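Since we're looking at a predicted model, the values are computed, not measured. Keep in mind that the numbers below use all heavy atoms, side chains included, and drop hydrogens, waters and symmetry copies. Residue numbers start from 1 in every chain, and the chains themselves are labelled A, B, ... in the order their sequence lines are given, proteins ahead of strands.
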2 protein chains.
Amino acid sequence: MNKQSDKVPEPTLRRLPWYLSNAKLMRDKGETYVSSTQISKQINIDAAQVAKDLSYVKIAGRTRVGYEVNALISVLEDFLGFTDMHKAMLFGVGSLGGALLRDSGLHHFGLEIVAAFDVNPDLVGTEINGIPIFHSDEFEERMKEMPVNIGILTVPINIAQDITDKMVAGGIRAVWNFTPFRIRVPEEIVVQNTSLYAHLAVMFNRLNFNQE
Amino acid sequence: MNKQSDKVPEPTLRRLPWYLSNAKLMRDKGETYVSSTQISKQINIDAAQVAKDLSYVKIAGRTRVGYEVNALISVLEDFLGFTDMHKAMLFGVGSLGGALLRDSGLHHFGLEIVAAFDVNPDLVGTEINGIPIFHSDEFEERMKEMPVNIGILTVPINIAQDITDKMVAGGIRAVWNFTPFRIRVPEEIVVQNTSLYAHLAVMFNRLNFNQE
């Protein structure tokens, strides 16, 4: 875990997956080495920035030839946490929650959803993509059987804070918040906001702006 | 459209949906007015920031009582583009693409996916959630029948740039990029990056950092 202990700036963490996907493409094209200059050109980010970002992952480049592609991929995947499997529980099996349960891509990036919770009697007792759906009241019990660090929040906004409080009380250390609601948590709890609707709003605004 | 023509800062655009969901909660609780101080306390954002953000949406608050809740909701929904219906096409009906087709929540926030494209013969000719799936080669033809501004990119990274180029050539003005690949587009094209995997990486890193 120590290699991941630096407080890496968020913009760097958001760019590293770009370098990873670029390196995978290079590998598929049969390339053995890639330089930060090449990466820079291909994804249109300043070469000094690329080199600085990659300095966090502690991979040594070789003069002139650059980074070994396979090593870069494996070091980046490791650094980004995609090679460890992080277990999570999901709260709220509505349209978006159900969609995330079906998205097997998450598994490839290190996230395994082991259980989901809802109160809808049509859903409780069923499963999606092999993931069992329990009644929300069973959360504490299930946490004892299969403790997880991550809770995925896909409930309606009117219960978002309440469910967050229950998650935290039950031992969840990080909340992946897909609701457009700003949840409050104790300082030591990680919150990752991923509101598709907030992203939509930004896109709509930029689109209208460009069209005038 | 004029009301949306200001180049609103992205952080403001990302916070506005928080105020909207807060106002909806207040409405559900039977409140008629809400002040920026109340919003500030409830979602833990500086009151001056709330007032400044809301100044972009041009809603007048009344001294002491604040904003009328119903008016605030309708002005925010309108401003954020959630009341207009924006048509989109989706490219790549894999795990995540299929999940987005099934997410009816997008429709409530102003996005209607009218068609999807893939090359998988098992998918072409079928539909998901009422949305027809066509062969990718049919894109130009379908754009003529039902032109859209927005393309949703959920393809594998090795074809992400190629499909983006085709979208742009076909008349797409904004790309909602769910891939972890950094796509390049002409200056006038809007790109909204929403990589779930980049968000996962940030969350994993923060979680490890807190646990040491």
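The two atoms that bring B:I157 and A:K24 nearest to each other are CD1-CB, 4.0 Å, heavy atoms only. Across every non-hydrogen atom of A:N44 and B:R184, the tightest pair is CB-CG, 4.3 Å. The two residues B:W176 and A:L196 come nearest to each other via the heavy atoms CZ2-O, 3.6 Å. Of all non-hydrogen atoms in A:F181 and B:S21, the two that sit nearest each other are CA-OG, 3.6 Å.
One distance of note links CD1 of A:I39 with CZ of B:R182; it measures 13.0 Å at 0.5 Å rounding. Between atom CG of residue A:N158 and atom CZ of residue B:R27 there is a gap of 11.0 Å, rounded to the nearest 0.5 Å. Here OG1 of B:T12 is found 10.0 Å from CG of A:N205. Values are rounded to the nearest 0.5 Å. The CG atom of A:N149 sits 10.0 Å away from the CE atom of B:M203 when rounded to the nearest 0.5 Å. The structure places OG1 of A:T194 at 4.5 Å from NE2 of B:H199, a figure rounded to the nearest 0.5 Å.
When the options B:L200, B:V202, B:L207 are evaluated for a side-chain contact (heavy atoms from CB on, under 4.5 Å) with A:Q192, the one that passes is B:V202.
In terms of modelled atom types and a separation under 3.5 Å, the side chain of B:R206 and the main chain of A:V190 share no donor-acceptor contact.
For chain A, the nearby part of B:Q42 is the backbone; its heavy atoms alone come within less than 4.5 Å. With a threshold of 4.5 angstrom between heavy atoms, B:P9 approaches chain A through N, CA, C or O but not through any side-chain atom.
Relative ring orientation between B:F109 and A:Y197 is described as parallel, the plane-to-plane angle staying below 30° on a 0-90° scale split at 30° and 60°.
Ranking A:I189, A:N129, A:I45 against chain B, the residue ahead of the rest is A:I45, based on heavy-atom pairs under 4.5 Å. Counting heavy-atom pairs closer than 4.5 Å to chain B, the top residue among A:S95, A:A174, A:G110 is A:S95. Contact tally against chain A (heavy-atom pairs below 4.5 Å) for B:A99, B:P180, B:P17: the top residue is B:P180. Per-residue counts of heavy-atom pairs under 4.5 Å with chain B were compared for A:I150, A:L101, A:L16, A:D28; the largest is that of A:I150.
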Notebook entry, point to check: Can you list the steps and then say if B:L111 with A:F204 is a side chain to side chain contact (heavy atoms under 4.5 Å, CB included)?
Noted result: CA-CA 10 Å; B:L111 190 80; A:F204 291 159; 4.1 Å; yes
Next item on the list: With side chain to side chain contact (heavy atoms under 4.5 Å, CB included) as the test, would you mind laying out the steps for B:N193 and A:W18 before giving the verdict?
Entry: CA-CA 11 Å; B:N193 290 308; A:W18 287 336; 3.9 Å; yes
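Counting non-hydrogen atoms of neighbouring residues, nucleotides and ligands closer than 6.0 angstrom, the CD atom of A:E140 reaches no more than 12 such neighbours.
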